[in-house]
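Proteins get letters first, then strands, A, B, ... in listed order; numbering begins at 1 in each. Model, not experiment: these values are computed from the prediction.
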Amino acid sequence: MKEYDFKKIEKKWQDKWDTEKPFRAVDFDTTRPKYYVLYEFFNISGNLHMGHLKGTVPADALARYKRLAGYNVLFPIGGDAFGLPAENAAIKTGINPKDFVAKGMKTVTEQSKLIGLSFDWDRTICTSDPAYYKWTQWIFLQLLKNDKAYKKEGYVNFCPKCKTVLSNEDSQGGKCDRCGSDVVQKKRWVWFLKMKEYSQKLLDNVDRIEMADNLKEAQRNWIGKSEGIELTFPLVDESGNEFDKVTVFTTCIETVYGVSFVLLAPEHPFVKKYADKIQNLSDAEDYCYKTSLRSEFDRMSDVKSKTGCELKGIYAINPANGAKVPVYLADFVLANYGTGAVMAVACHDQRDFEFADAFGIEKLQVIEGDCAERAVEKKEYLEADSLMINSEEFTGMHVKEAKAAIADKLVGMGAAERVTNFRMQDWPFNRQRYWGEPFPVVFCDNCGTVPLPEDELPLELPYTNDYLPNETGDSPLSKVTEWVECSCPKCGGKAVRETDTMPNWAGSSWYWLRYIDPHNESALADIEKLKYWGSVDCYTGGTEHITRHVLYAFFWQNFLYEIGAVPSRDPFIRKMGSGLILDDQGKKMSKSSTNGVSPLEVLDKYGADATRLHVHFLGGYEDNTPWTYDGIKGITNFIDNVWRLQDMIKGDEVSEKHIYDLNRLIKKMGEDYEDLKLNTAIAACMKFVKGINADGYITREELRQFLIMLNPLAPHITSEMYENVFGGELINDKWPEYDEKYLVEDTVEIPVQVNGKLRDKVKVDRAITADEIRKLIDTEYSSLIPDGKSIVKFIYVPGRIVNIVVK
RNA sequence: GCCGAAGUGGCGGAAUGGCAGACGCAGCAGACUCAAAAUCUGCCGGGAGUGAUCCCGUACGGGUUCAAGUCCCGUCUUCGGCACCA
């Protein structure tokens with residue numbers, strides 16, 4: 001046999017797959033079980049990078065394995081195209097974003113094929129395609145109709161550089177997700193989606209999905225469920241007249257007798273509402289103004305120094321004991337969490353402790369402990385279950401008991417209510433950018449906000465060559481006047497369109513549904529097809545999307561379920577988070593990094609099969625693996641050894657000699673593909689080939705089964721060899737089945753330990769009983785028992801190990 | 001600060017509580033060769049011993065167990081996420 005010419009052979013198979021399209025998924029095929037494998041679609045920017053190899057290949061291997069195992073597999077791909085790269089290219093080079101995306105889609109398609117990825121190309125979608133975003137707009141209209149979308153003026157994250165509104169998810173760590181600038185708080189008119197309302201449903205999704213615990217924990221933290229009490233403090237003026245109430249949220253109601261002041265967020269409406277009662281109004285307004293200038297990041301990172309401003313002339317009455325306490329503004333109180341107001345207990349909350357120090361406010365201790373230098377906080381006193389002090393009838397109780405008793409009392413009085421709070425916020429959904437889905441709504445002087453009729457969708461993005469927001473920060477679309485000015489669909493009068501566009505997460509919040517029925521013009525997807533394909537069985541992709549995209553996906557899927565558009569609340573049954581490929585500095589290799597090795601270079605040098613094997617032999621799917629060429633020799637050797645198996649064929653059926661190894665390999669490979677453990681799957685194949693080489697022969701049947709098992713990892717070489725030897729197409733063959741009786745030989749080698757230390761091994765019949773093996777050791781292996789010692793205990797774990805305890 | 005994950009040879013990494021270091025790289029020795037490359041064979045955690053073998057060894061200190069890399073408690077380190085969330 002000639003040497004393996006990967007360039008020629010890989011191209012041959014890639015061309016064949018391209019023209020014959022054998023990887024198409026078949027709707028409504030009831031002869032086979034269905035399996036839906038999803039890799040998160042490509043962000044259209046430029047070339048594929050190493051990270052894509054790490055992410056796509058395991059999904060591809062799983063899809064190929066499942067097909068061989070008799071499943072009807074849906075394994076689609078598409079482009080997430082309403083993103084920053086297209087718009088930046090437009091701004092920098094003037095290239096039309098549409099053209100940029102078209103070129104990008106072509107590139108990722110070609111490069112995917114070079115890797116040998118078995119996507120169903122007939123189902124490709126692209127989020128910036130009007131036929132696709134018609135349905136993104138349709139979903140928005142349904143949200144609007146069902147009162148899940150609203151426009152309101154509020155404080156939101158704003159990136160001064162991108163000049164656009166951002167969600168919390170888009171500004172994690174106080175940095176703009178698009179450009180890395182510090183995000184500021186700005187008051188703007190914003191479209192919100194009522195995601196907060198779905199908090200508990202999202203937590204239920206998290207409970208149901210099969211996913212690593214650390215990822216679930218990250219999501220739970222992000223949603224941030226917290227159970228506590230809302231407690232209402234009457235507000236009084238200087239002369240003691242009650243004029244309103246303020247409600248605070250607390251999870252530490254047990255400290256209520258220690259409240260010595262109340263804090264409001266600077267954005268709290270009372271500053272404006274009771275301006276006439278605030279004696280130092282200009283100080284207060286000044287403080288609010290200064291706070292608004294500080295970026296969120298400043299406010300968060302500057303945790304040491306507490307700033308604030310007393311609202312002189314306004315006092316709060318503690319409903320528990322009638323105490324009159326001062327009210328302050330403080331920027332560490334967040335307007336959009338809880339009620340935007342907190343009760344401050346200096347001795348039992350470190351932030352309040354520092355604030356009290358800074359403003360010379362008295363500190364009241366209500367739970368035992370040393371509060372001289374710092375607060376004794378919840379975690380500490382709950383752990384110790386300390387005793388209550390200075391708390392009227394609750395004094396002397398244990399904290400845990402008092403917590404419930406005080407809550408009961410205040411709830412009974414009508415001053416408090418038990419509530420559940422979530423950290424997650426409603427989703428600010430509009431961006432002041434050109435390259436996004438236009439909102440299908442108009443503003444009419446007579447009718448107000450009017451949704452477009454569904455039959456007018458898609459509302460296409462108009463052409464422009466001016467992609468920058470205007471001076472006041474309005475979207476570039478506001479400059480396209482002939483598009484903005486329109487007539488009202490309701491009254492026919494003059495109206496203007498919404499000129500903001502949707503965030504780039506919009507299109508990705510439902511895309512897995514569209515693959516199921518990508519060309520449907522009358523629905524986002526046919527409900528019967530949705531029922532057939534069901535939820536995504538395995539969703540692979542980066543972990544960086546776990547608290548953004550995946551939560552948005554849960555949200556939209558729940559909503560679509562509630563309006564009857566989809567048959568399940570769960571978009572995904574299993575989510576696997578892929579690790580990163582790191583460069584030699586230990587940094588992430590990605591689209592933006594210039595420090596990376598291009599996969600094209602490796603593909604060109606070693607071929608697709610070798611590249612696929614090498615990247616996945618470097619480390620586990622979920623682990624970050626540093627890139628290196630080291631060890632690729634082991635892979636090319638392995639490939640050469642596999643190729644030479646063709647010259648070693650002797651005999652037809654599975655030989656006695658190989659039957660155990662072969663059956664164990666079948667079991668191992670199936671399990672490893674299922675779990676995406678490609679590194680150990682490759683190792684198992686190498687070991688098998690090593691054994692074959694040592695024996696000097698392989699039978700036809702053994703080779704056939706082996707090629708099928710290796711095919712999901714190395715599809716090209718295995719297809720070629722299969723054709724050479726068996727004269728047909730491997731992908732039409734079936735995954736081999738293993739026989740339980742060939743997993744363990746009849747004669748096994750059992751390690752013998754004495755006091756837990758390995759001393760010898762005995763070859764015995766697998767079915768041997770504990771008595772028999774003990775007899776054997778008593779007679780033939782008695783030298784293992786040290787002189788002068790006797791056996792006090794004899795343990796035999798059938799088929800595994802013997803441990804003799806001597807004394 | 002809080003939450004999570006992890007720490008195993010020179011390196012990448014394997015091990016349902018049951019033979020630690022699978023598989024591979026690098027290294028060393030040998031074969032082939034005029035020579036080199038390629039390939040093949042053997043060795044390859046540390047220590048003692050001619051040797052069979054023995055002792056130590058999975059970040060560190062304890063514990064549970066007949067048996068611990070794996071489970072429990074404490075400490076340290078690294079990475080990731082969140083971060084004034086009341």
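Checked by distance alone, A/Asn803 brings a side-chain donor or acceptor within 3.5 Å of a matching partner on the base of B/C66. Contact annotation: side chain of A/Arg800 to base of B/U16, donor-acceptor pair present below 3.5 Å.
Each of A/Tyr337 and A/Asp630 was assigned the nucleotide of RNA chain B with the nearest heavy atom; the assignment lying further toward the 5' end belongs to A/Asp630. Comparing A/Arg548 and A/Gly338 along RNA chain B, the residue whose closest nucleotide (by nearest heavy atom) sits nearer the 5' end is A/Arg548.
At a threshold of 4.0 angstrom between heavy atoms, the contacts of A/Glu217 are confined to the sugar-phosphate backbone, with no base atom among them. A/Lys677 comes within 4.0 angstrom of sugar-phosphate atoms only, judged by non-hydrogen atoms across all strands, and of no base. Residue A/Ile795 is in base contact, counting any heavy-atom pair closer than 4.0 Å across all strands shown. Nucleic acid contact for A/Arg759: sugar-phosphate only, since backbone atoms but no base atoms lie under 4.0 Å from a heavy atom of the residue. Within the nucleic acid shown, A/Val797 comes within 4.0 Å of at least one base atom, counting heavy atoms only.
To the nearest angstrom, P of B/C54 lies 14 Å from CG of A/Asn755. The separation between A/Leu263 atom CG and B/C84 atom C1' is 11 Å, rounded to whole Å. What separates CZ of A/Arg220 from C1' of B/G80 is a distance of 18 Å, to the nearest Å. Atom-to-atom, CZ of A/Arg423 to C1' of B/C2 comes out at 12 Å; the value is rounded to the nearest Å. Between A/Asn336 atom CG and B/A86 atom P the separation is 14 Å, expressed in whole Å. Counting to the nearest Å, the C1' atom of B/C19 and the CD1 atom of A/Ile750 are 11 Å from each other. Remark: C1' of B/G81 and CG of A/Leu580 are 13 Å apart, rounded to the nearest angstrom. Straight-line distance from the CE atom of A/Met669 to the P atom of B/A22: 19 Å, rounded to whole Å.
Under the 3.5 Å distance criterion, the side-chain polar atoms of A/Asp672 are left unmatched by any main-chain donor or acceptor of A/Leu678. Within the 3.5 Å criterion, the main-chain N or O of A/Thr255 finds no donor-acceptor partner in the side chain of A/Lys403. Side-chain atoms of A/Glu230 never come within 3.5 Å of backbone atoms of A/Ala416 as a donor-acceptor pair (strictly under, hydrogens ignored).
B/A14: no Watson-Crick or G-U partner with both key distances under 3.5 Å is found in any strand. As the counterpart of B/A68, no nucleotide is assigned, since no Watson-Crick or G-U wobble pattern has both distances under 3.5 Å. For B/G51, there is no paired base (Watson-Crick or G-U wobble, both distances below 3.5 Å). In a base pair of the Watson-Crick type (N1 to N3 plus N6-O4 or O6-N4) or a G-U wobble (N1-O2 and O6-N3), with each distance short of 3.5 Å, B/C60 is matched with B/G74. With a cut-off of 3.5 Å on both Watson-Crick or G-U wobble distances, the partner of B/G30 is given as B/C40. B/G1 is paired with B/C82 under the criterion used here, namely a Watson-Crick or G-U wobble arrangement in which both key atom distances are under 3.5 Å.
When the side-chain nitrogen and oxygen atoms of A/Lys687 are compared with OP1 and OP2 of B/A14, none of them lie within a distance under 4.0 Å. Contact annotation: A/Lys306 side-chain N/O to B/C84 OP1/OP2 distance is not under 4.0 Å. Of the side-chain N and O atoms in A/Lys633, none sit less than 4.0 angstrom from OP1 or OP2 of B/C23. Taking 4.0 angstrom as the limit, A/Lys761 places none of its side-chain polar atoms (N or O) nearer than this to OP1 or OP2 of B/G18. At B/U39, one or more side-chain N or O atoms of A/Asn637 fall inside 4.0 Å of OP1 or OP2 (strictly under the cut-off). In terms of phosphate contacts, A/Asn679 brings a side-chain nitrogen or oxygen within less than 4.0 Å of OP1 or OP2 of B/A14. The side chain of A/Ser226 places an N or O atom within less than 4.0 Å of a non-bridging phosphate oxygen (OP1 or OP2) of B/A86.
For A/Asn641, counting side-chain heavy atoms from C-beta on, the closest listed nucleotide (B/C2, B/C23, B/C40) is B/C40. Side-chain proximity of A/Phe249 to B/A86, B/C23, B/G18: nearest is B/A86. The listed nucleotides are B/C19, B/C85, B/C2; the one nearest the side chain of A/Arg351 is B/C85. For A/Trp222, the side-chain atoms get nearest to B/C82 when compared with the rest of B/C82, B/A22, B/C84. The listed nucleotides are B/A15, B/C84, B/G12; the one nearest the side chain of A/Leu618 is B/G12. Here the side chain of A/Pro626 is nearest to one of B/G13, B/C19, B/C85, namely B/G13.
No hydrogens or angles considered: nothing links the side chains of A/Tyr337 and A/Gln425 as a donor-acceptor pair under 3.5 Å. A donor atom on one side chain and an acceptor atom on the other are not found under 3.5 Å apart for A/Thr420 and A/Lys225. Inspection of the A/Glu377 and A/His348 side chains reveals no N or O donor paired with an N or O acceptor under 3.5 Å. Between the side chains of A/Ser167 and A/Tyr552, at least one donor N or O sits under 3.5 Å from an acceptor N or O. A donor atom on one side chain and an acceptor atom on the other are not found under 3.5 Å apart for A/Thr251 and A/Ser226. There is a side-chain donor-acceptor pair under 3.5 Å between A/Tyr287 and A/Thr307.
For B/G9, the O4'-C1' to base torsion is within 90° of 0; the nucleotide is therefore syn.
Between B/A29 and B/G21, the two C1' atoms lie 22 Å apart (nearest whole Å). For B/C79 and B/G62, the P atoms lie 28 Å apart once the distance is rounded to whole Å. Spacing of C1' atoms, B/A20 relative to B/U33, comes out at 40 Å, to the nearest Å. Atom name C1', nucleotides B/A83 and B/G1: the rounded distance is 8 Å, in whole Å. Comparing the P positions of B/C56 and B/C40 gives an interatomic distance of 39 Å, to the nearest angstrom. Here, B/G27 and B/G81 have their C1' atoms 40 Å apart, quoted to the whole Å. As rounded to the nearest Å, B/C25 and B/C73 have C1' atoms that lie 39 Å from one another. If you take atom C1' in B/A68 and the same atom in B/G57, they sit 14 Å apart, rounded to whole Å.
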